[in-house]
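In each ligand, atom 1 is the first atom listed, and ligand 1 is the first ligand listed. What you are looking at is a predicted structure, and each value in this text was computed from that prediction instead of being measured.
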Amino acid sequence: MKTEVLKLLKEYDGYLSGQEICQRLGVSRTAVWKVIKQLQSEGYQIEAVRNRGYHLTASTDVLTEAEIRSCVKGELMGCRVVCYEETDSTNTRARALAEEGAPEGTMTVAERQNAGKGRRGRSWSSPPGSGIFMSLVLRPDIPPSQASMVTLAAAVAVARGIRQATGVQAMIKWPNDLVLSGKKICGILTEMTTELESIQYAVVGIGINVNTEEFPQELSGTATSLFLETGSSWKRGPLVGEVAMAFEDCYRLFLASKDLSLLKEEYEQHLSNLNRQVTVLDPAGSYGGICRGITNDGQLLVEQEDGKVRQVLSGEVSVRGIYGYV
Ligand code: BTN
């Protein structure tokens with residue numbers, strides 16, 4: 001009911017009478033009053049004026065189930081939302097829920113992770129109050145070999161979601177980092193459990209540096225946040241909502257073609273190294289070339305000096321621009 005009251009207050013510009021809320025939700029005035037008190041204690045500024053009703057004058061930056069549900073407008077992503085004040089990793093939580101049969105679109109979100117996971121076995125710094133740590137359960141009907149494309153679709157979605165919520169256009173560093181001013185603002189980690197040649201479930205985990213004011217020294221050269229780039233702090237609930245809605249759209253487009261053909265144009269528009277010199281750090285031998293975009297299945301196209309275009313598979317290699325991380 002808290003979600004419903006919050007939704008009504010957010011939708012309504014002026015004062016909404018207690019009676020109207022009661023009628024719309026079929027609950028008592030006392031129940032409404034109790035929820036309003038709870039929301040106020042969580043930090044929402046709600047004016048209560050006799051004979052006029054309630055007016056939400058300012059939201060707060062909390063990642064509660066009610067806040068996220070009030071921001072998610074799609075049907076699939078966020079159909080179920082589970083929030084943690086602190087957890088090990090939202091990916092691990094989403095996997096556990098998926099094992100129990102959680103439906104596609106189930107979302108886990110944490111204020112803080114104490115064992116946040118990054119790609120290639122690295123950890124993901126997850127201090128409280130400043131970032132978004134969210135994971136989504138997927139059950140795509142595709143072979144495991146095609147799962148990496150879901151991560152690229154997620155990168156398009158995060159870029160779109162950040163733009164919708166903040167107006168900031170992040171770029172994509174192939175395959176799935178989001179960058180601003182040449183530094184990483186978001187990382188995506190897809191994990192899956194397979195059964196013979198099919199995916200039992202996949203979990204897409206998204207970490208966005210939102211209001212981080214300072215990074216540990218070892219990260220400060222390569223990481224940035226929306227706060228550091230814009231000078232403003234951002235409410236995370238609406239950002240989670242926009243990312244979830246954008247991912248719902250991108251995921252459907254991916255499933256419709258079972259490749260990235262419907263997302264390739266948007267991906268390449270934001271590809272940070274497009275038409276620039278890159279170095280491909282292949283364990284079998286590094287080589288340079290000009291980045292020419294991606295294939296429909298998400299491989300990077302790198303044109304070598306002799307004109308030959310090589311296709312780079314994600315997971316095997318890293319790609320660097322000639323001026324450092326990006
Ligand atoms: C990367 O190394 O770039 C991927 C980082 C992914 C971090 C996110 S935060 C939410 C989710 N839970 C995790 O433990 N990891 C992902």
**Q** Yes or no on side-chain contact (heavy atoms from CB on, under 4.5 Å) for V27 and V5, after CA distance, side-chain angles and deciding distance?
**A** CA-CA 11 Å; V27 293; V5 173; over 6 Å; no
**Q** Looking only at heavy atoms, which two atoms of A98 and V137 are closest? And how far apart?
**A** CB-CG1, 3.9 Å
**Q** Any side-chain heavy atom of I206 sitting closer than 4.5 Å to one from I132?
**A**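 I206 does not reach I132 side chain to side chain.
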**Q** For Q200 and T193, which I'm curious about, is there any donor-acceptor pair between the side chains at under 3.5 Å?
**A**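 No, T193 and Q200 have no side-chain donor paired with an acceptor closer than 3.5 Å.
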**Q** NZ of K34: more than 12 outside heavy atoms within 6.0 angstrom?
**A**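 12 or below, so no.
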**Q** Hey, what polar pairs (N/O, under 3.5 Å) does ligand 1 make with protein?
**A**
from     : atom 1 : to   : atom 2 : distance (Å)
ligand 1 : 2 (O)  : R119 : N      : 2.7
ligand 1 : 3 (O)  : K184 : NZ     : 2.6
ligand 1 : 12 (N) : T90  : OG1    : 3.1
ligand 1 : 12 (N) : Q113 : OE1    : 2.9
ligand 1 : 14 (O) : S89  : OG     : 2.8
ligand 1 : 14 (O) : Q113 : OE1    : 3.4
ligand 1 : 14 (O) : K117 : N      : 2.7
ligand 1 : 15 (N) : K117 : O      : 2.7

**Q** Suppose we screen for side chain to side chain contact (heavy atoms under 4.5 Å, CB included). Which residues come up paired with T92, at least two apart in sequence or across chains?
**A**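 For T92 the side chain to side chain contact (heavy atoms under 4.5 Å, CB included) partners, ignoring immediate neighbours, are D88, S89, K117.
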